[in-house]
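Read the numbers this way: they start at 1 and go in the same order the structure lists the ligands and their atoms. Treat the numbers as computed from the prediction; the structure is a model and nothing was measured. Any value given below was found using the heavy atoms of this structure, including those in side chains, with hydrogens, waters and symmetry copies removed.
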Amino acid sequence: MQDYYELLGVSKSASPEDIKSAYRKLALKYHPDRNKEEGASEKFASINNAYAALSDPEKRAHYDRFGSEPSSQGMPGTGDMGGADPFDLFEQLFGGNRRGGGNPNAKPRGEDLQVEAEISLEQAREGAEIELEVDRLVGCTHCNGSRSEPGGKPAVRCTSCNGAGRVQYQQRTILGNFVTEQACPTCKGEGQLLVEPCTKCKGRGRTLSSDKVSVKLPKGIDEGYRIRVSGQGNTGPGGVGDLYVHINLKKHPSLTREEHDLHYTAKIGIAQAILGGSLEVPSLDGPKPIEIRSGTQHGDTLRLRGQGMPRLQASGTGDLIVTFKVDVPNAKNLSKEARDYLEGYAKVMGENTSSSHQPGFFERLGKVIKGE
Ligand SMILES: [Zn+2]
Ligand SMILES: [Zn+2]
């Protein structure tokens, strides 16, 4: 088994936040919803196993001491998150829908639905409320879910199961007789048979409906998270399923995001780098004036505190980090005037330049050798 730290690409002394950040990046890359390449889901499962162990302080301490998880059992890499997918951080309750308590005879709940939502950086920052159009199955209003045409002949009780919906089978084995129970094949577990099916839902009890669902985004939400909205999935006989909203972040025209920080690359000229100056950089609140310090080097950064994204489920805000890129032009693209100035500068500074206006380096070297 591969080392958990190696799997996540972090050192043994990594902080919980580093581990979480590394995990998130990898999980995003290999999430089976996004990565259809062969081996991606196995990789995703191993990353999850590693994270599950290293994100728990007790398990991590154990792993550090023994190189294994405490009483690890079962199959590694099954990809089963045990309902604890760290991307499912949010739950929004609509109505009083509750998950069934494990009663096998309980009527099935409606199916869960998955939708994708593309949001902007601005919406993620403010925790906007977005509206989604969701196609889902709802109880038929014509028959009220009874599946029979109102006023028509009512459904009759299934005679195979006597209305129970389930039938028992006896099995004789050398160990004794066993009774197994199954859904009734005649009525498919319904306990009744339709005589005059509802004309609107064709006896299905549900119709397709396109509904608008509002979802409040948590401030600072990022690519790859999903929000569970309870009770906004399909309607079933035993309740309504949930709606899972997968978050995709739209590309911002000039800013890139890395966790809670935003990045901007500012191109500056060599004169600005040397002399200093001012510049406007884009931020989520509109353009912000910044100062270019005299002597700014290529790759230097400037941090605008609190101009980044809110930390998800935590307090504080990230920064906007401006990285300066000194744009060095090719002499061919300079005007004669600009070239003259530069050559004058080079002369004063004693910088040896190759130029058509001055004798070249080797030419001058020749003169020195000749003793001129
Ligand atoms: Zn109907
Ligand atoms: Zn039956």
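- Classification of E259 and K25 as a salt-bridged pair fails, no side-chain N sitting under 4.0 Å from a carboxylate O.
- Inspection of the environment of the Zn ion (ligand 1) yields the following protein N, O or S atoms under 2.8 Å: C140 SG, C143 SG, C198 SG, C201 SG.
- Between the side chain of Q307 and the main chain of L304, no donor-acceptor pair closer than 3.5 Å is present.
- With sequence neighbours left out, the ring-ring contact (aromatic ring centres under 6.0 Å, His included) criterion links F66 to H62.
- Under the 4.0 Å criterion applied to side-chain N and carboxylate O atoms, D3 and K12 are assigned as salt-bridge partners.
- Seen from the Zn ion (ligand 2), atom SG of C158 and atom SG of C187 lie 110° apart in angle, a value rounded to 10°.
- Aromatic ring pairs are classed by plane angle as parallel below 30°, tilted from 30° to 60° and perpendicular above 60°; the pair Y51 and Y23 is parallel.
- Remark: the backbone N or O of G189 is not paired with any side-chain donor or acceptor of R166 at under 3.5 angstrom.
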